[in-house]
Amino acid sequence: MSQFYLDHYGFAVRPFSILPDPAMLFWSDRHRKAFAVLEYGLMTRAPLTVVTGEVGAGKTTLIQALLRRADPDMRVGLISNARGDRGDLLRWILNAFDISVPPGADYVDMFQTFQDFVLAEYAAGRLVVLIFDEAQNLGADTLEELRMLTNINSGTDELLQLILLGQPELREIITRPQLRQFAQRVSATFHLGSFDMESSVAYIRHRLQKAGGTGAEIDGPACARIHAEARGVPRMINKIADLALVYGAAADRRVVGADIIDELIRDGLILTAAPEPLSEPLPGAFSEPTPAERPARLVLAHEQEVKRDAP
């Protein structure tokens with residue numbers, strides 16, 4: 001069916017695949033700021049950088065875009081959905097850098113192996129960057145263990161950088177009293193909010209054009225209905241828009257209207273969940289307010305200082 005609607009609309013590829021694709025990345029204002037935070041963390045060699053967002057907000061796509069721009073003098077390890085105790089954490093980390101774990105190695109042995117790796121990379125002029133995707137799955141104890149890993153850093157140079165991406169629960173975990181030392185080491189943090197109406201419409205047009213279309217295959221009222229039903233979350237927008245194109249092609253419609261979105265809803269093809277409440281921001285954090293709130297402000301925290309850019 002997907003090939004059928006590609007031919008029907010003249011697309012070269014599916015405009016709304018839910019798989020992360022940096023080639024399709026839409027640089028909304030929120031995504032630009034989130035990416036700026038990630039680049040800021042790398043540029044300043046910040047020990048800890050945290051980016052959060054709802055499921056499907058585009059965090060993984062941003063990381064993939066960041067990896068494509070990574071300096072060749074960086075050794076980057078990427079870990080997704082890591083779980084387990086502290087021994088498991090070190091195994092995840094060593095595996096991310098293709099470092100063999102010595103047979104029968106205990107926690108101390110694995111820590112020493114990793115520390116030797118970081119020091120060797122530093123001596124060779126390379127910075128070690130460790131990225132955790134879905135970091136909310138780590139839990140408080142494992143996050144504290146990550147903080148302890150940053151003790152490898154000494155003197156004036158940072159040898160190890162950590163970048164954490166996760167759902168809003170990650171912010172709630174980090175702001176717990178027992179993780180105050182972790183929060184103090186976070187140099188930059190950003191919450192990637194959902195799209196407002198204008199951004200959703202621009203996002204839909206962008207992906208239609210990137211796929212080889214005109215951008216008008218889904219009309220304005222339909223875009224508005226998609227935005228409302230998806231609550232501005234990019235992944236949900238993709239799901240609804242993809243189904244809408246299938247329905248439109250089946251009805252031999254060249255342009256998808258709001259009536260097709262309503263038909264999808266009536267047929268029960270769209271499942272949505274209530275959004276998670278956002279926890280309080282981290283100390284020194286900068287976050288993206290909802291569209292109903294005032295324009296976003298940017299706050300960068302480096303060590304003990306906080307710089308604020310007022311609206």
Modelled atom types, side-chain donor and acceptor of S199 and D196, under 3.5 Å: yes
Do F35 and V76 belong to the same hydrophobic cluster, where Ile, Leu, Val, Met, Phe, Trp and Tyr are linked whenever their side-chain heavy atoms lie under 4.5 Å apart, directly or via other members? yes
Expected list for residues 55-66: side-chain donor-acceptor pairs under 3.5 angstrom, two or more places apart:
unit_1, atom_1, unit_2, atom_2, d
K59, NZ, G53, O, 3.2
K59, NZ, E54, O, 3.0
T60, OG1, D133, OD2, 2.7

Of Y203, F195, F26, the residue whose pairing with H31 passes ring-ring contact (aromatic ring centres under 6.0 Å, His included): F195
Decide yes or no for E144 and Q178: does some side-chain heavy atom of the first lie under 4.5 Å from some side-chain heavy atom of the second? no
Pair R266 + D259: basic N to acidic O under 4.0 Å: no
By ring pair (Phe, Tyr, Trp, His ring centres under 6.0 Å) - contacts of F182 (at least two apart): none
If I take atom CD1 from residue I163 and atom CG from residue L42, how far apart are they, to the nearest 0.5 angstrom? 4.5 Å
Are side-chain heavy atoms of F117 and V128 found at a separation under 4.5 Å? yes
How about I265 and E229: do any of their side-chain heavy atoms sit closer than 4.5 Å? yes
Does the side chain of T113 come within less than 4.5 Å of V101's, by heavy atoms? no
Salt bridge present between R126 and E121 (N-O < 4.0 angstrom): yes
Value rounded to 0.5 Å, distance of CD in Q161 from CZ in R45: 7.0 Å
Do T175 and E172 meet the criterion of a side-chain donor-acceptor pair at a distance under 3.5 Å? no
Between L90 and F111, is any pair of side-chain heavy atoms under 4.5 Å apart? yes
Beyond-backbone contact of V186 with T49, side-chain heavy atoms, under 4.5 angstrom: no
May I ask you to test the I93-I99 pair for a side-chain heavy-atom distance under 4.5 Å? no
Check whether any side-chain heavy atom of D73 sits under 4.5 Å from a side-chain heavy atom of L127, and report yes or no. no
